[in-house]
Amino acid sequence: MKISIWGRELSAWVAGAALARAGNHIAFCSLGEQALADDLIVQSEPGLKELLLSQYNAGRIQFLEHDSFCSDCYENEVHWLAYGAGEYDQAVYLVQKLARTHTGQLLLINQSYFNLGATESLASYLDSKCGQFIACLPSTLSEGSALNDFLSPASFIAGCDQSQAFSHIRALLRPFMNNIKELQLMSAREAEFTKFAINGMLALRLGYINEMANLADSINVDIERVRDAMISDYRIGPHHLSPGCGFGGSVFSIYIRGLIEAFQHRQLPSILNTLIDENERQKELPFRKLWQHFACDVRGKTFTIWGASFKPLTANISNAPALKIIDALLAQGCSVRVHDPAALENLKSYYDCNKRGKVESLELCVDMYEALNNSSGLILATEWKQYFSPDYKELRKRMVVPLIIDGRNIYDREYLQDTGFIYYGVGR
Amino acid sequence: MRALTESVAWNNLQQHACAAKQQHLAALFAQDPQRFKRFSFQQGSLLLDLSKQRISIETVELLLQLAAQQELPARIEALFRGDIVNCSEQRPALHTALREPEGTVVRVDGKNIVPDIQRNLVRMKVLVDAIHSQQWRGYAGDAIDTIVCIGVGGSDLGPVMTCRALAEFAPEPAAHLKMHFVSSMDGSQLARELQKLIPERTLFIVASKSFSTIDTMANASTARAWLEKYTDAPVEVLLERHFIGISATAARMTEWGIHPEHQLEMWSWVGGRFSMWSAIGLPVALHIGYQGFLRLLEGAHQMDLHFRHSRLEQNLPVLLALTEIWNINFLGIHAHAILPYDGRLQHLPAYLEQLQMESNGKSTTRHNQSVSYRTCPVLWGEIGPNAQHAFYQLLHQGTEDVMCDFVVSARRYSHRKNDELRHQHHLAQANLLAQSRLLAFGDHALPPDAHTPAYKRYAGNQPSTTILLDQLTPETFGQLIALYEHKVFVQAMVWDINPFDQWGVEQGKVMATQLMPVLTDSSVALDAELDSSTANLVRAIRHEQKQENI
């Protein structure tokens, strides 16, 4: 089949690569060739770059970002929508244009980060009598194993309100259905809701383990040991149970806030409200540990933050815990030195745009060790791999106080303490 | 010096009253179609309707002569200028200076106090900003989300009233703040709150002009002990991170442990019951925002300008004050009900009870003579519609003459078209109009019916004032409260009393201190001089305590 892929999210890349491998011809309509070389997702997702290159070389992948007015983009029979949360208007524009200009069978697969009901809304622009259909295929990809998740999924959920479209969907996904008996077919709204419900559940697990960690802190228990024991119970499993200084990102919060709005709209209380509030508090946990360590006297001191993106392997800082920590430290009259392998540019424009307080006290460092100069404490906020085994001697040399607040529990507490560091983790 | 009651103006009023007392309000309205126009006055967005008062053109003329005789214009100027108007304590009373905009000059002992006031406002803003931006941190590093305001009397009533009245003006950054007010000496309010509060996120504001008010300091100590019990954090840290002090005596705040950066100043030249415009208003600024607080000050300032510069016959506080003096001293009305037809003004009656009764509940002139006339009446009140189901029966058919103040806003819920709440506001307005009408006109407002039994009849002729605000906003609310403040001052000047002291509340505190030992220690012998009632009540208490300890 000939497939146009719209949007720049992870699922755009993964679906494009996988579908090309199955013999489809793929047109990336929102991406340029250059992205193959410098897109962070392509660089970081295991196996993705190699597969893309091989398919590109085989002539099954085209990049049409700068040619998006070329008719190829619109004439293909399948359109894969992998837009980000703020791109709904683009989707509407696209769907309207396709509805107007496309002739013959048309199948749209919506895998974008939109609100509940978006697929139904987009469907309203299409004419199903003329064979124009849209289905919601919620993304179940996890970063780090996304390609494998797509190539051999445990399940495929597809939601569509016109049953005539299911044979087309089945044909499209057939190459990846070896391990599953059948597609789980449902309405578009049910498929979307499934995605929201999954994300709510995962967020609850994170919120729950953080709550347990905070309690563990006050009763002298190491949450890491407790967690390891918990996940050995098959009913619980290992996913989304790492305690830390809160979760951020735009996608997670879109889903959670979307759910909260759905509850509020019906004037119902939700456990998710508490979850969001507590998560915001959790983001400040490293600040609180620092504050308590120095008995509230932090004014004039310099602190270091490693990791500003909301998670590793992204430059995205939306809702990142580091932002709240930086704000708190600046408000207390501290100097802050931040290192991040990818997010410094975003951080810079965030603080310039928001004009948040004394930005002159904020220094962005391209070298992770340079960020430690004159530091009275290091806060590890994002678990980039390069932070896992730093040169501890260098740390000692540059820091005024050998204090580490490990917001992601990546360090060996005993080792650090044995080598003369003061160590605080989350729940340990 | 001739006594007030022997003065020409007073005697003229008394003679006038003989005839005026016979006149029914219904007749006054019948005689003069221009009555509303003649006796209603506007200042900014505030309309003062005195037409349902039992006054005529002549009454007002005679009252204005009384005011002139008592040298009111000079007294008003003296108040604003910072003269020693509080003679028993040798102080000025400069609440008006607190509302002066930047750049003006008000001198006390030769020093311009406006820069001090402005500096204190800036310090207040810094605290408000820190709390609103969620960057005021408790001892454990949590952002403060709960404020407990500890104060009593003037340090409590003004902020409570204003926070409730203007809650809908809370800006977004204040939305996360929960405000609590505790004042009662026995700790019952505080104990109830503390059960629910999270120590890490709670900030106490301790407000006391002297920082020695026993009620407030007892509550503050309980709050401190509550924090100390909860955590091992050093007490200096708890005091620094969880207490703000507001007082005229910095030394006492420091001694108690309030961190110097968290002390806000007020001054000896502000009376407690006139102090919500000072740092005492910090809870207000926290609740409705610093800008909202400035709007409140601005509204009051507009009334100040009006009071200071308008001629007496157009001057709202003066006319309101004189009309009430007419009621009290010449028509013999000694009860005054405050009736806001707006739930947001729920605490207005309590505030005015203090403002008026503590200010003018005096019987000695400024020259240390006993007065030979009535001064402040008994004042009480309630949200009007609720009071209709409580004490209006007495207003309509009792044996007491009562003057009433009706307060309402013209517009509310304006942005909500055809909404149920808007309908409720109209319902409240209709009730206000009906009640003031029935009180004034009685049976005259009803279709004549010779067969109506006596118990269904309404005598009417109860005078009332209606204050109509365009809308309830920080500005109009500031205007309203300043109107009442100045009214109190005018009455005091006519009565020749000092409205700015409160010696009547001092001796009880001394006596209570003397009685403490016999209650806390059963081995302390009772003073043989103690009256038999008090002595036996102490014995009864001791007896019960002894039973408890067995």
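Reminder, nothing fancy here: chain letters follow the sequence lines and each chain counts from 1. Everything quoted here is computed from the prediction, not taken from an experiment.
Crowding of A:Glu211 atom CD: a count of heavy atoms from other residues, nucleotides or ligands under 6.0 Å not exceeding 12. Heavy atoms of other residues, nucleotides or ligands lying less than 6.0 angstrom from CD1 of A:Ile422 number more than 12. Sparse packing is recorded around OH of A:Tyr208, with 12 or fewer heavy atoms of other residues, nucleotides or ligands lying under 6.0 Å away.
The side chain to side chain donor-acceptor pair (under 3.5 Å) pairs that include a residue from residues 371-383 of chain A are A:Thr304-A:Ser375, A:Asn373-A:Arg398, where partners are two or more places apart or lie in different chains.
Contact record, A:Cys296 with B:Val237: SG-CG1, 3.3 Å, taken as the closest heavy-atom pair.
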Between chain A and chain B, identify every pair of one donor and one acceptor N or O atom lying under 3.5 Å apart.
from: A:Arg281; atom 1: NH1; to: B:Asp142; atom 2: OD2; distance (Å): 2.2
from: A:Arg281; atom 1: NH2; to: B:Asp142; atom 2: OD2; distance (Å): 3.4
from: A:Glu284; atom 1: OE1; to: B:Arg137; atom 2: NH1; distance (Å): 2.7
from: A:Glu284; atom 1: OE2; to: B:Arg137; atom 2: NH2; distance (Å): 3.0
from: A:Trp291; atom 1: NE1; to: B:Gly138; atom 2: O; distance (Å): 2.7
from: A:Trp291; atom 1: NE1; to: B:Tyr139; atom 2: O; distance (Å): 3.3
from: A:Gln292; atom 1: NE2; to: B:Ala140; atom 2: O; distance (Å): 2.8
from: A:Gln332; atom 1: NE2; to: B:Gln135; atom 2: O; distance (Å): 2.9

